[in-house]
Amino acid sequence: MLKFITTAIFSSFLFLTALTASAESLDASDLQILDPWARGSAGRTETAAAFLRIRNISDHADRLVAARTGIAEAAELHTHLHEDGVMRMRQVEYIDLPADETIELAPGGDHVMLFQLKTPLQEGQSFPLSLTFEKAGTLEVEVKVYPVGSAGPGED
């Protein structure tokens, strides 16, 4: 009898754990990556930034927690902060993605910073970027390179 009760309790626990996990889970189909882009390199600079919009079409929040690409030695999540009247760029651990909202990674705000580029970015090329989310996992996107100084897609 004790074995039956123990098995029933354990089975109930597993069922409730699975139910809770599925109620809070997201997958890649819940997120849409829109207009990923970067500016071409000015000269032989070894840094660049990638910008994009992320649409979360689910009822659950998520976080962008990492990025990586083969064209740079490092990729970090960054933001701009105003400190004592000066705008400063800082690395962040994550970028929040609220449920049923679209966020924008844009110049002067949140972005993916690329360090130690292997070659300068050239207008017209594209490169792969992996974006890792806390719940939805990893998404692969192609980032289009626009001219130096560009405002990105939709620029007039």
- Message: Run Leu31 and Leu139 through side chain to side chain contact (heavy atoms under 4.5 Å, CB included) and show every step you take.
- Response: CA-CA 9 Å; Leu31 302 178; Leu139 292 172; 4.0 Å; yes
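- Residues Thr138 and Ser130 bring no donor and acceptor atom of their side chains to less than 3.5 Å of each other.
- Scanning all heavy atoms of the two residues, the minimum distance from Ala50 to Ala38 falls at CA-CB, 4.4 Å.
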- Message: Could you go through Leu121 and Ile71, starting from their C-alpha distance and side-chain angles, then the distance that decides it, and tell me whether this counts as side chain to side chain contact (heavy atoms under 4.5 Å, CB included)?
- Response: CA-CA 9 Å; Leu121 298 182; Ile71 68 155; 3.5 Å; yes
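- Under the 4.5 Å side-chain heavy-atom criterion for Ile, Leu, Val, Met, Phe, Trp and Tyr, Val92 and Leu64 are members of the same hydrophobic cluster.
- More than 12 heavy atoms of other residues, nucleotides or ligands sit less than 6.0 Å from atom CD of Glu83.
- For residues 115-129, the set of pairs meeting the side chain to side chain donor-acceptor pair (under 3.5 Å) definition, not counting sequence neighbours, comprises Ser126-Glu142.
- In this view, Tyr94 satisfies the ring pair (Phe, Tyr, Trp, His ring centres under 6.0 Å) rule with no residue, not counting sequence neighbours.
- Atoms NE2 and CE, from His82 and Met87 in turn, are 4.0 Å apart once rounded to the nearest 0.5 Å.
- Side-chain contact check for Glu73 versus Glu46: every heavy-atom pair is 4.5 Å or farther apart.
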- For His78 and Val112, run side chain to side chain contact (heavy atoms under 4.5 Å, CB included): C-alpha distance rounded to whole Å, both residues' side-chain angles, the deciding distance at 0.1 Å, then the answer. CA-CA 6 Å; His78 278 232; Val112 176; over 6 Å; no
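- No side-chain donor-acceptor contact under 3.5 Å links Thr132 to the backbone of Gly137.
- The distance from atom CE of Met113 to atom CG of Leu77, rounded to the nearest 0.5 Å, is 12.5 Å.
- Ala61 approaches Asn56 most closely through the heavy-atom pair CA-ND2, 4.1 Å.
- The shortest heavy-atom contact between Val148 and Gly40 is CG2-O, 3.3 Å.
- A 4.5 Å side-chain heavy-atom check between Leu34 and Pro153 finds every atom pair outside the cut-off.
- The backbone N or O of Ser150 sits less than 3.5 Å from a side-chain atom of Arg39, completing a donor-acceptor pair.
- For Asp62 and Lys135, the salt-bridge test fails: no basic side-chain N is under 4.0 Å from an acidic carboxylate O.
- In this structure, CD on Glu76 lies 12.5 Å from CZ on Arg90, to the nearest 0.5 angstrom.
- When all heavy atoms of Ala75 and Leu114 are compared, the closest pair comes out as CB-CD2, 3.8 Å.
- The CD atom of Glu140 sits 11.0 Å away from the CD1 atom of Ile33 when rounded to the nearest 0.5 Å.
- For the residue pair Asp96 and Arg63, the shortest heavy atom distance occurs at OD1-NE, 3.0 Å.
- For the pair Arg53 and Glu104, the salt-bridge criterion is not met [side-chain N within less than 4.0 Å of a carboxylate O].
- Counting heavy atoms from C-beta outward, Ile54 and Thr102 have side chains that stay 4.5 Å or more apart.
- When the ring pair (Phe, Tyr, Trp, His ring centres under 6.0 Å) test is applied to Phe51, the partners found at least two apart in sequence or on another chain are Trp37.
- Under a 3.5 Å cut-off, the side chain of Asp100 and the backbone N or O of Asp59 do not form any donor-acceptor pair.
- Residue Asp35 holds its CG atom at 9.0 Å from CG of Leu52, rounded to the nearest 0.5 Å.
- For the pair Ser41 (side chain) and Gly43 (backbone), a donor-acceptor distance under 3.5 Å is absent.
- Between the CZ atom in Arg44 and the CG atom in Leu117 there is a gap of 11.0 Å [rounded to 0.5 Å].
- Within the 4.5 Å cutoff, no side-chain heavy atoms of Phe133 are placed close to those of Val65.
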